[in-house]
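To keep things clear, I will list the structure first and then write my remarks on it.
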Amino acid sequence: MGSSKLSTHLHTDFQVREHQSSVLIGETGSGKTTQVPQFLLAAELGSGKIAVTQPRRVAAMSVASRVAQEMDVELGKEVGYLIRFEDMTSEETRLKYMTDGMLLRECQIDPFMSQYSVIILDEAHERTLATDILFGLLKEVLLKRPELRCLVMSATLEAEKFQDYWTGAPLLRIPGRMFPVETFFTLRPEKDYVAAAVETCCLINAHEGPGDVLCFLCGEEEIEKACAEIQARAEETGQETLVLPLYSSLPMNQQRRVFPPAPEGTRKIIVATNIAETSLTIDGVVFVVDPGLFKQMLYNPRTHVESLLVSPISKASAMQRAGRAGRTRPGKCFRLYTLETFEKELPESTYPEIIRSNLSSVVISLKKLGVDDIVHFDFMEPPSPESMMRALEMLYFLGAIDEEGDLTDIGSKMADFPVDPHLSRSIIASARHSCLEEVIQIIAMLSVPPPFSRPRYAQKAADKAHKHFASGYGDHLSLLNAYRAYVDCGSKAEFCREHFLSERNMRQAENVRKQLASLARKSSHLESLENGHEKMLTTSIRKAFVEGFFMQCAHLDESGKHYLTVQDQQMVAIHPSSFLQHKAEWVLYHETVVTDRCYMRNATAIPPEMLIEVATKFYHPDRCKLTAHAKKMLRRALPRAKVAN
DNA sequence: AGGGTTTTTT
């Protein structure tokens, strides 16, 4: 270890001894993630463990394994990691790398985080939901545990903002070791960023010296298109070029192709989404092409609709992207926007997740953690009152909180499950309807990326294969069919290939199912009753989902052509990928997706009498607040509904 | 007829 680095660490140690909390700002390669925790461990600050949080699972795993190597200990002993589905820690573990979500989850059992004497929140500038909540919780814990030490580690931008929030915590800067990256801007704005990106890649390929290229785009389709164009143009000019796409839904074996160096004399050009900004690091990149855009999920509490929009990146992201060119030697970054745009239009840092999310999960977990006054919780970035009200209202409708806003017994049980409140409510209901196993299997399938794969070159074949699982009731029961068939089949790989299922996502669903089932067993009041007859199951499963999703239903309008949501009469359509092929009068949907139209994804037909029976307050024609046409349809169904008057 | 998913996490 060089002497300058050592003094930095001594400095760190000193500050952390003197103050409860510190903010540490470090550049890439500064060793803040690997060496600072080791140093604090050696400093023996208290007798507890040191927790280091990371926003991503892979980071927690790989950093832990590197630190174990550096300390020459076995991974899982003194140094370990804890992520969902995998606990690589033991009694001896003193330095514990974990995802921020995991530490938050642990707080439900141990709100004072009493097993730790030091807590380090790394990558705090990413402002993940979990880190932002941990911020507020830690502030409260620090009041009660004066011996606890807390270190917030972040990239270089907006250091003062963190320092302000942590009321005067000492600010430490540690320089990194990165190669210089020369940055270029365009002289005027580009009209078509995909075309400009393709053009720039081709120019680099033709005129720059050796070195791989990393080009950022926003989505799968434009990435595939850009790759094809770059490859075609390289072949025209006779340059040896390996063009590779990279995005998260790309099969693993294809993702892995971006890492090995290209053959001698061949240039590698990788066209990637944001995944290459932080999640994956590719060595050997010398040129970065940055159009300054990315796709972002935005939640509108007023309309209750989430939409995926192309938005400008932040200055922090732009720097992160540029940094990807300087990991192995000096590099260049070509920004496809003007210097003026960079300075005047890009926000300093990315919009924190908490500002653009549906807060119902956040609110229920805070309630479970004993934070009663959520409106006055010390958020670094308080979410809008409107967003908060929407969440509270929803939880009240679900019976998770009472009129006072206090968590009910049902709400407390719901919070045990790591899924959305709608879903946890359906789990609770399923026990009463004797279909716990099945509902958990369906929820596992709903909680992973789409298990039905539909590759561009075999769309027809995939659709045909998927029909094998189709249930006339719709998608929830079709997902159940697929899950059951997968569990029962012999060779998983072969079965998935034949039926166009994503093996990766199916395995993930299996993991989720296992976890939910084990939580359900532990949950004291959730006895798993004997299952009813198979014939009754389709009814009881749908009833259980209605209990969680009665606010996410839609009915046909007067013309019989369109659906209107019961929440705010928004016009929606059944997604073309749905197994629900007939125009059922009433449908329940898992979520809506907005393209040029608004689609319901994962929809299931629900007979109106079932709605009246299960969610009487909302669907009784004499009491509900629905449109006249909806009431008319409900009134027609009323005689068939078994409802106490 | 209808098919614009980025990325994480419990």
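To find a chain, count down the sequence lines: A is the first, B the second, and so on, and within it residues start at 1. Side chains included, hydrogens not; waters and symmetry mates left out as well; all remaining heavy atoms used. Remember, predicted model here, so these are calculated numbers, not experimental data.
Residue Glu220(A) places its side chain closer to dT6(B) than to any other of dT10(B), dG3(B), dT6(B). Looking at the side chain of Arg56(A), the nearest of the listed nucleotides dA1(B), dG3(B), dT9(B) is dT9(B). Among the nucleotides dT10(B), dT7(B), dG4(B), the one closest to any side-chain atom of Thr273(A) is dT7(B). With distances taken from any side-chain atom of Met102(A) to the nucleotides dT6(B), dG3(B), dT10(B), the minimum falls on dT10(B). For Thr99(A), the side-chain atoms get nearest to dT9(B) when compared with the rest of dT9(B), dT6(B), dG3(B). Checked against dG3(B), dG2(B), dT6(B), the side chain of Met297(A) finds its nearest nucleotide in dT6(B). Among dT8(B), dG3(B), dG2(B), the nucleotide with an atom closest to any side-chain atom of Arg454(A) is dG3(B). Here the nucleotide nearest the side chain of Pro418(A), chosen from dT10(B), dT8(B), dG3(B), is dT10(B).
Each of Ile275(A) and Thr595(A) was matched to the nucleotide of DNA chain B holding its nearest heavy atom; the match closer to the 5' end belongs to Thr595(A). Of the two residues near DNA chain B, Gln296(A) and Asp420(A), the one whose nearest nucleotide lies more 5' is Gln296(A).
Contact between the side-chain N/O atoms of Arg84(A) and the OP1/OP2 oxygens of dT8(B) is not found at any separation under 4.0 Å.
Thr200(A) meets the side-chain contact (heavy atoms from CB on, under 4.5 Å) test with Ile204(A), Val289(A), Phe334(A), Leu336(A); sequence neighbours excluded. For Leu293(A), the side-chain contact (heavy atoms from CB on, under 4.5 Å) test picks out Tyr193(A), Cys218(A), Val310(A), with sequence neighbours left out. For Gln320(A), the side-chain contact (heavy atoms from CB on, under 4.5 Å) test picks out Glu277(A), Thr278(A), Arg324(A), with sequence neighbours left out.
In this entry the distance linking CG of Leu82(A) with P of dT9(B) reads 13 Å, nearest Å. The interatomic distance linking Glu277(A) (CD) with dT6(B) (P) rounds to 15 Å, in whole Å. With rounding to whole Å, Ile364(A) atom CD1 is found 17 Å from dT9(B) atom C1'. Rounded to an integer number of Å, the gap from Leu298(A) CG to dT8(B) C1' is 15 Å. Rounded to whole Å, atom C1' of dT6(B) lies 12 Å from atom CD of Glu306(A). Summarising the geometry, the separation between OH on Tyr563(A) and C1' on dG2(B) is reported as 13 Å, rounded to the nearest angstrom. What separates CD1 of Ile223(A) from P of dT6(B) is a distance of 7 Å, to the nearest Å. Computed from coordinates, the Tyr589(A) OH to dG2(B) C1' distance equals 19 Å when rounded to whole Å.
Looking at heavy-atom distances under 4.0 Å, Leu104(A) makes no contact with the nucleic acid at all. No engagement by Ser361(A) is indicated, since no non-hydrogen atom pair under 4.0 Å with the nucleic acid exists. Within the 4.0 angstrom heavy-atom criterion, base atoms lie near Gln581(A).
The salt bridge (Lys or Arg N to Asp or Glu O under 4.0 Å) pairs that include a residue from residues 246-258 of chain A number zero, where partners must be two or more places apart or lie in different chains. For the salt bridge (Lys or Arg N to Asp or Glu O under 4.0 Å) condition, the pairs that include at least one residue of residues 215-227 of chain A, sequence neighbours left out, are Glu220(A)-Arg456(A).
Using modelled atom types, one finds a donor on one side chain and an acceptor on the other under 3.5 Å when comparing Tyr116(A) with Glu106(A). For the 3.5 Å distance criterion, the side chains of Asp475(A) and Thr604(A) fail to qualify, holding no donor opposite an acceptor. Remark: the Tyr299(A) side chain and the His304(A) side chain contain an N/O donor-acceptor pair separated by less than 3.5 Å.
The stretch residues 244-253 of chain A touches DNA chain B through Tyr247(A), Ser248(A), each having a heavy atom within less than 4.0 Å of the strand.
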